[in-house]
Amino acid sequence: MCGIVAYVGHREAYPVLLKGLKRLEYRGYDSAGVAVLNDGLKVVKKQGKVSVLEDHAASVYLSSHIGIGHTRWATHGEPSDANSHPHTSGSGKIAIVHNGIIENYDSLKYELLKKGHVFNSETDSEVLIHFIEDIQENEKCDLEQALRLALQRVVGAYVVVLVSEDDPDTLFAARKGSPLVIGVGKGEHFLASDATPIIEYTNEVVYVNDYEVAIIRNNELSLKNLENEYKAPYVQTLDMDLAAIEKEGYDHFMLKEIHEQPKTIHDCLRGRLDAEKGFLRLGGIHKYAEQLQNANRIIIISCGTSWHAGLVAEYIIEELCRIPVEVEYSSEFRYRNPIINEGDVLIAISQSGETADTLVAIEKAKSMGAIVFGVCNVVGSSIARTSHEGVYTHAGTEIGVASTKAFTAQLSVLAMIAMKVAHDKGTISDERYHLLLKELDAISSKVAKAILQEEKIKLIAKEIKDMTNCLYLGRGYNFPIALEGALKLKEISYIHAEGYPAAEMKHGPIALIDDGLPVIIVATKDSYYEKIVSNIQEVKARKGKVIAIVSEGDDVIPSMVDHVIEVPNVNEVLMPLVSVIPLQLLSYYIGVLRGCDVDQPRNLAKSVTVE
Ligand code: F6R
């Protein structure tokens, strides 16, 4: 949540900041702002998207070689010009951008108000910069020390970057619980919430760790902890290409990312699976492979779409590995008093690798003795680094706020983990193992085939776009896909949608069904097929409009329903990888037809770094 970018070096800072903010806009788009130093501090900020800031800043003289920028997802205070970042200190000499939440801001603000501080916003971030300056004045110290002292008293999560009129060539930054990457260029440095604003300038990066302060002065980066001890920066070379973060002719990132899936799944399997030779190699489950194989129980924690991937994994792991699996929302797990026994293993799934609830849930499980495997997309992310081991999904940068390609890559990784454990453990026959390897190897071409239904899906989208409610049903492996379909529709088109296990319908939701309710039923050929055919009949008997996702060649369901969308035949264990595709496309086209901003749906942000 919230995107931060900063620059110091030989270029003009403002264009770098602006471009960076556009790249980070998926993290929040309630407001945007920049601060540069040119003959004093200049701050320009505006409620709305980065383009609003761009128009507004066009007439302002912002020439400078140092600056900070922010795109906001509102937490404290509504979206407004006043609540936009950067915020300035009481003297107006220091500016800050902040991502995260200062939990004890209320008590700090109370102290500062008593001292006569005046605030122009409702944000916790403005309180923080006043607090830092207050310490600087009281302790008669420099800004760097004041920052360290302030952060020792702050409760919560933060990435902050500061510039000051009194130190016009220096960027000050710090992190705890939110991400911060520093790009190291020739004679220049870039700071950002992720690497996307940096990658076109340099691929040499340093990931700042929690409780570290970074000072960039005279083209030199120093890292220190809050106790003022130097830490050696670890410079890594990033493997990310610019094309991955451009739309490349598609109208939206979401559509591009849906279409990329045959390739991203292929990339995810590459070097790990060889169906011909019959092997699966996952470097990320090596050291703790035995614990995983002999786990008494696997607990999966995640949020949103990643949680749906976890639900699919529950079905696959229990079926193939015969290990009990529990799937939990990270936000629930972290606040209750969960039981972790010896022999329990945790799998944390996260596209961004920065989701605050998942991160804290991992820490909690680790402190209780669990071994944690991370399944993350963003390389070097906090969850990837804090897990004991893990497997990257390699789906490339996902920019559309609604997750698509990351989801199918998560399913691919989770299926590989289950197949490998089952094979090593001997809970599936060799024959079944080799069959599943072949099926998984062929999956990207089947996903490509499922995408070919796009034109038909567009027509269906046109017909149902004005609905106000929608029900998604599925059973077995397709039940989490019904949940995912409903989530995609809600977030992209703002239509109320519910996902349900089809058999549960008669325990309540059937009361909703009438001739005005579209019911999307994922009814591919699997061991639940006959049962779901009966559920379709139950919906039709109550005049529901049924759109069914069916397996190619199905000759029963098409005559019963209003529309069918065919997907290729796949072994049921892997079917979710294919059956989700039409649901992604349907939500996309409904959203577009309703005029919604599908890449940046209202109120959402890509990386949920606040709880
Ligand atoms: C939905 C979506 C969200 C995320 C959720 C978890 O399309 O993208 O529900 O899945 O916020 O995010 P990660 O996977 O980054 O932990």
Side-chain angles (χ1 to χ4, degrees), residues 1-3 26-28 73 177-179 193-194 196 252-255 257-258 261 300-313 327-334 346-362 372 374-387 390-411 413-414 472 480-481 483-494 497 499 580-581 583-588 591 596-611:
M1 316 233 126
C2 298
Y26 71 88
R27 300 178 67 90
W73 186 84
S178 294
S193 301
D194 69 33
T196 56
H252 298 96
F253 281 111
M254 183 177 176
L255 187 61
E257 288 159 5
I258 291 173
Q261 289 176 104
I300 299 180
I301 51 162
S302 41
C303 306
T305 289
S306 298
W307 185 75
H308 297 153
L311 287 180
V312 174
V327 187
E328 293 243 21
Y329 286 115
S330 311
S331 51
E332 290 298 317
F333 181 88
R334 68 177 280 196
L346 208 94
I347 300 181
I349 309 170
S350 176
Q351 185 287 127
S352 61
E354 300 296 345
T355 300
D357 283 324
T358 307
L359 202 49
V360 178
I362 292 174
V372 180
V375 175
C376 295
N377 193 39
V378 177
V379 175
S381 56
S382 304
I383 292 174
R385 289 187 295 148
T386 203
S387 303
V391 183
Y392 282 119
T393 50
H394 293 316
T397 309
E398 190 178 64
I399 299 205
V401 164
S403 187
T404 53
K405 64 175 181 173
F407 178 68
T408 46
Q410 288 167 346
L411 296 182
V413 162
L414 292 162
Y472 284 74
I481 297 310
L483 296 181
E484 175 60 7
L487 177 64
K488 285 287 93 86
L489 188 71
K490 276 184 270 210
E491 58 185 341
I492 295 305
S493 68
Y494 318 143
V580 74
I581 304 293
L583 305 188
Q584 296 173 342
L585 284 165
L586 191 63
S587 308
Y588 170 79
C596 299
D597 187 344
V598 293
D599 276 342
Q600 295 175 346
R602 69 184 180 205
N603 306 336
L604 290 174
K606 182 89 188 142
S607 194
V608 186
T609 54
V610 295
E611 67 168 285

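Both ligands and their constituent atoms are indexed starting at 1 by order of listing. Numbers here simply count residues along the sequence, with the first being 1.
- Although no hydrogens or angles enter the test, the distance criterion places a donor-acceptor pair under 3.5 Å between the side chain of Asn377 and the main chain of Ala395.
- Residues Gln261 and Thr408 have side chains that bring a donor and an acceptor to within less than 3.5 angstrom of each other.
- For ligand 1 and Lys488, the ligand atoms under 4.0 Å from any heavy atom of the residue are 1 (C), 7 (O).
- The nearest protein atom to atom 7 (O) of ligand 1, hydrogens excluded, is given as Glu491 OE2, 2.5 Å; this is a heavy-atom distance.
- Of all atoms in ligand 1, numbered sequentially from 1 with element shown, those under 4.0 Å from a heavy atom of Gly304 are 9 (O), 10 (O).
- Under the 3.5 Å distance criterion, the side-chain polar atoms of Gln410 are left unmatched by any main-chain donor or acceptor of Val375.
- The nearest heavy-atom contact from the protein to atom 3 (C) of ligand 1 is Thr305 N, 4.0 Å.
- Protein heavy atom nearest atom 15 (O) of ligand 1, with residue, atom name and distance: Ser352 OG, 2.6 Å.
- Using modelled atom types and a 3.5 Å distance limit, the side chains of Ser330 and Thr358 yield a donor-acceptor pair.
- In terms of protein heavy atoms, atom 16 (O) of ligand 1 is closest to Thr355 OG1, 2.4 Å.
- Of the protein's non-hydrogen atoms, the one nearest atom 11 (O) of ligand 1 is Val608 CG2, 3.9 Å.
- Protein heavy atom nearest atom 6 (C) of ligand 1, with residue, atom name and distance: Cys303 O, 3.3 Å.
- Formation of a donor-acceptor pair under 3.5 Å by the Trp73 side chain with backbone atoms of Asn603 is found in this model.
- Counting the atoms of ligand 1 from 1 in the order shown, those under 4.0 Å from a heavy atom of Ser350 are 13 (P), 14 (O), 15 (O), 16 (O).
- Taking 4.0 Å as the cut-off, Val401 counts as a neighbour of ligand 1 on heavy-atom distance.
- Ser381 contributes a side-chain N or O that, together with a main-chain N or O of Val378, makes up a donor-acceptor pair within less than 3.5 Å.
- Thr305 and Glu484 form a side-chain donor-acceptor contact under 3.5 Å, judged by distance and modelled atom types alone.
- For Thr358, no nitrogen or oxygen atom sits less than 3.5 Å from a nitrogen or oxygen atom of ligand 1, counting backbone and side chain alike.
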